[in-house]
Every structure is written in structure tokens, then in C-alpha cells.
Amino acid sequence: MNNSLKHIEPMVHHSQINVPYTWWAGDTAGRFLKTLRDEQTIMGTRCNHCARVTVPPRKTCPTCFTENQTWTAVSDQGTVVAFSVARRQLAALVKKVPVIFALIRLDGADTALLHTISQVDPAEVTIGMRVRACFSKDAGATIMAISHFVPTN
Amino acid sequence: MGKQRVAIVGTGQTFHKSHRPDVNGQELINEAVGRALVDADLTIRDIDAIVIGNMDHFEGINYVDCWSVDGSGGFMKPVIKLTTGGTTGSTLAIGGYHMVASGLFDRVLVIGWEKNSESDTTGAITTAFDPVWDRLVFAGAISGLAAEAQAYMARYSATDRDGARVSVRDRKHACNNPYTQLRKEVTVDEVLASPMLADPIHLLDVCPRSDGACAVIMAGEHIAEKITATPDWIWATANRHTYTYLGDANFGRLDSLAAASREIYAKAGIREPAKEIGVIELYQPYSFAGIMWIEDLGLTGYGQGAEFVWSGATDMDGEIPINPSGGVIACNPIGATGLIRCAEAALQIMGKAEGHQVPDVDLALSTGFGGCFWSDILLHGRRKPDF
Ligand SMILES: [Zn+2]
């Protein structure tokens, strides 16, 4: 089959469809994103049943299935719980490879936040590493208002 | 327990390839359906209902349930679509089982398919991520798996050689399966020398992109034995979800698979899965999963998966062969992949696996995995279950 591909002209249609989407963040994510943009503060929600603090915030605790009504600020510092280094420049990647993806449990939170680590040699990154958020004033009310994380030392 | 027991009475697959420019979607589906009907010695008129699925975003053509009747044979029949990401194929199998077990349908045709060659697989997978939180900073399927492997390796001191050994096994097994896509043996050193995609995953650690379809025919207990002398009885199914955002997962453990397997073992009275189960078709999209997830399945203790694999226990002649078909690393038409695991387990029970047959299989396990850490399992048996 691979060889035959060289000898045929398959009839193909290259789509020109363009379907732009607009996603509403909603009140819960919106409050987090506005606080992040305006105050450079990272907020989580606390479940009144299990006491777990989730970042990103949740309107409903996923394990207790009850409404979260308590907001709490968490630290801009945390611990790497998992990471990977993307080596291929995929179209969907905004940053230049190598990109260090990391799941970071911020101090005061019980879940990890997905983000990137920069300004460090990928070979130096370890699970358990302490990192700190760097903020961007230009990114608007998006998660990129944290531009990246850096090692604390 | 449903209203009636359910057995698989026929299976069919395409010869899976990287590209199938010679057929469109419904024509690809038709090949698998035709082979399943021949295998069961049935005609399309015998089929009561159809359950079909894929992941729409890979082809950019939605609603296969509506446009595929010349492929599926669904003309003037009930057709239902199921799609659950990576687990689509195994969810289809569980859905077909539910339909027959309910007693409402006696002969259900289950179809999973994908033409991954028709789009950018990584870009399409990224559309499954949350756009506000995960999608702005992340892309593709591999990095999430890589983070899982990193967390496991840090916890249990596993190495990239351990992962490579799993890839060597599956790629060797694939050489015995004429339907699969990649049939070429590799060595541990070749895996480690292949390009690094996302640390610690090399190119030869992961599945390819594939075009392919799979069809499975399920029948109720009062007719299954009339259709075939060797039905594959579905003993039990289980499914677990854990996840909303990527940061919720317990990285380094697949909690959903552990919980689903314990439900299966409890239903079937299995105490020592590595001894009692004869073969496993594991939905294992990359090599490291072949170490971590067999621990979650309870084949070994935590941290002992690599040693178990290196011992040869999961090779074709081992205590519990895993992926005699070559598994997902050899072939991954995503919406079909979970159903291929189910069909391959059925072939092992029915004694129809030919060049990759494991001798005397009484119980087989097939699984499905979704990129955000959820799991499906089916338990297959040669004997009709007595529960
Ligand atoms: Zn809670």
C-alpha cells in the first residue's frame, strides 16, 4: 500500500471550511481569570465536604458532586508533580520547542495546574522541583496571564 | 447481570494501513462488516441493530450513523452511534453487549472505524482538550502520556530500556498478524535510538496513525450456539472515569483501570489474574503503559511490572501473553482500536487467531484507554458464564 501511493493520484478535496469558535469561560473560570489578570493572584475553590482546594477552580467538586462556594487564594509557588518535554514543533504548539509541559501543584492546592516551565535546561527539570509563576500583563484574562513558571532557586 | 447472556459469534477487520486512498469511509467500513458476516455465516438481514462509532474530528465528517448505511448495512435498521475518544471501540463493544444483554435485540452488529490519514491527528486530538484551561498551553496526546511515564519512572526507578522492551515484544508479535499495519521487529537499542518525541517517549515507543475498521457480531445466548460452535462469551464489562482537567489525574497510576479490573475480578471470582487469565489484549498506545498498567490490572505488585515483562511472562510463550496481535503500537485506527482488542480477544477464545493463537485460552481480557486516563474492560470466556 505504501508503494502504491507513489503511483496513484487519489482524488482528494482540501477543505477550505473555517469554523471559528467562541467559548464562554463562565462565571467560575471568569472570576479566576479576572483576578489573575488584575491582581496577579491565583485563586482556587474549596469543597466544604472534602476540604480539597482545586485549581483550576470548580463550580462543583468532582468527587463530592456538591457546589463549591468558598474561594481561596493559593500561592504562586508550587511543586512539579509530572512533566514532559515536547521535542516536535507541532502546529498546535504556540511556544518554540523544546517546550517543558508541567503539572504544578501550587502551595495551598490539592490538584495540579497544567502549565509550562521556561528559563531552565530541560535536563534539569525533575519531579519535586519547586517553581514560581511569572505573570504577563499582555495576555488578558486567559491562563497565559501566567506566562510560564521558573525554578525558584 | 442482564436479561440474557451475550456471546461474540463473528469478527471482521480490514487490512489496516497508514493510508487507504482506494476507499472512502463507508467503503472501508463495508470491508470489515462483510468479513464479520462471513465469519458468523450470517447475512445483513439477520442483524437486528447496529452500533457504530469513530472520532468525528479525525475525518471532519460528523454523524457516521447517518451517512454510512451502504457500509454498515444499516438501511432501515436501528443505528446508534457511540463515541468516547480513545475508548470508542471498547465502548462500542460494551454498548453492543448492553443492547443484547437487555433482551431487546438478539443479533447486534458493532462497528468501529477511523481514517486517521485524512487529518492532522495531533491537532484533532487537541480539540478534545478544554479550550479555556488546557488547550492554550498544551497540544497532542503524547505529552500527557509522557508526563504519566515520567511520574511512574520517578516513583519506581523504571528506565527507558524497560519501556523499549515492551515495544520490542509487541512489534515482534505483530509480525504474526497479517491484518496489522507495522510488521517489523526492532531491538531495544533501535527503540532508544529512534527520535525523542516527548521525554521519555521515542518514536518507536508509540503507536502509528492508521486507517482501518473492525466489526463484531454479538448474539443472545439462545441463538449464539446455533450460529457458531465456539462462541466467545462476554463474562463481564466495566468502565471508569476519573478526570475533568489534566491536573486531576494521579500521574503514574491508572486508577480507572485498577478500579474497573477489580469490578471484573469480583464479578467473575478471579483471585489471581496473572494465573487465571490466559491472554490480554491491552489498549496500550505506548510502551511504558505496558509496564505501569499491568500493575494496575493486578498482574504484579506496584513497581514490579518491568521485571515481569523482562522475564518473558508476557511474551507469546509466557505465563500470560499480552498483545498477540501486536497491539496498538503496531496499528491504531483510533475509533476501531478498542474494538480490535475485543475482536482479537474473541479470536483467541474461539481458536481462530491462526498465526498468533495462544493455545487453550479459557479466559481473555480486552481493554480500552482514553487519553484522559479513563478505562474500559471486557472479560471473555470459552465457557458460558454461570452467573
Ligand atoms: Zn469535595
Side-chain angles (χ1 to χ4, degrees), chain A residues 1-2 4-5 8-12 15 17 19 21 23-26 29-30 32-33 54-56 58 60 62-63 80-88 90-95 98-105 109 111-116 122-123 125-128 139 142-144 146 148, chain B residues 15-22 24 60-61 117-120 122-127 129-140 142-155 181 195-203 211 241-252:
Chain A
M1 181 55 66
N2 283 332
S4 72
L5 279 176
I8 61 169
E9 285 184 74
M11 295 292 291
V12 296
S15 173
I17 297 170
V19 187
Y21 289 87
W23 293 287
W24 299 103
F32 173 98
L33 295 171
T54 45
V55 179
R58 302 292 175 75
T60 303
T63 47
V80 174
V81 297
F83 74 96
S84 177
V85 185
R87 304 280 181 180
R88 273 199 312 182
L90 303 169
L93 270 181
V94 179
K95 296 189 179 182
V99 178
I100 306 164
F101 294 122
L103 287 145
I104 297 155
R105 187 156 54 234
T111 58
L113 179 70
L114 173 69
H115 221 288
T116 54
V125 179
T126 57
I127 290 171
T142 77
I143 192 62
M144 299 315 288
I146 300 171
H148 59 280
Chain B
F15 291 96
H16 314 305
K17 310 282 184 192
S18 65
H19 299 71
R20 286 294 307 271
D22 55 321
N24 64 19
I61 314 169
S117 69
E118 295 187 342
S119 70
D120 168 6
T122 296
I125 284 178
T126 304
T127 68
F129 294 163
D130 183 277
V132 174
W133 298 109
D134 291 351
R135 210 184 289 185
L136 289 180
V137 285
F138 202 59
I142 292 175
S143 292
L145 300 175
E148 179 197 34
Q150 290 279 10
Y152 176 87
M153 291 164 80
R155 226 187 277 188
Q181 177 183 340
M196 184 70 88
L197 301 181
D199 305 27
I201 300 177
H202 298 83
L203 180 65
D211 287 359
H241 288 255
T242 58
Y243 168 105
T244 300
Y245 301 124
L246 204 56
D248 295 349
N250 176 14
F251 276 83

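Just so it is clear, the structure is predicted and the values come from calculations on it, not from any experiment.
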By a 4.5 Å heavy-atom criterion (distance strictly below it), what part of [X] contacts chain A: side chain, backbone, both, or neither?
{"X": "Ile201(B)", "result": "neither"}
{"X": "Thr122(B)", "result": "side chain"}
{"X": "Arg135(B)", "result": "side chain"}
{"X": "Tyr245(B)", "result": "both"}

Among [options], which residue forms the greatest number of heavy-atom pairs with chain B at distances under 4.5 Å?
{"options": "Ser15(A), Pro56(A), Pro62(A), Ala82(A)", "answer": "Pro56(A)"}
{"options": "Ala29(A), Ala112(A), Gly26(A), Ala102(A)", "answer": "Ala112(A)"}
{"options": "Thr111(A), Leu114(A), Thr126(A)", "answer": "Leu114(A)"}

Proximal component of [X], with respect to chain B [non-hydrogen, under 4.5 Å]:
{"X": "Phe32(A)", "answer": "side chain"}
{"X": "Phe101(A)", "answer": "side chain"}
{"X": "Val85(A)", "answer": "both"}

* Asked: Just wondering, more than 12 heavy atoms not from Trp24(A) lying within 6.0 Å of its CH2?
  -> no
* Arg105(A), CZ: over 12 other non-hydrogen atoms inside 6.0 angstrom -> no
Looking at every non-hydrogen atom in both residues, tell me the closest pair between [X] and [Y] and how far apart they are.
{"X": "Ser84(A)", "Y": "Ala147(B)", "value": "CB-N, 3.9 Å"}
{"X": "Ile127(A)", "Y": "Ala154(B)", "value": "CD1-CB, 3.6 Å"}
{"X": "Arg88(A)", "Y": "Leu197(B)", "value": "NE-CD2, 3.8 Å"}
{"X": "Arg87(A)", "Y": "Met196(B)", "value": "CB-O, 3.4 Å"}
{"X": "Leu33(A)", "Y": "Val132(B)", "value": "CD1-CG1, 3.9 Å"}

* Going by heavy atoms in the side chains, are Arg58(A) and Asp248(B) under 4.5 Å from each other? -> yes
* **Best-contacting candidate, Ala149(B), Gly252(B), Ala198(B), against chain A by heavy atom pairs under 4.5 angstrom** => Ala198(B)
* What residue in Thr126(B), Thr244(B), Ile142(B) has the most heavy-atom pairs under 4.5 Å with chain A? -> Thr244(B)
* Asked: Got a sec, which residues hit salt bridge (charged side-chain N to carboxylate O under 4.0 Å, His left out) with Asp134(B), two or more places apart in sequence or on another chain?
  -> none
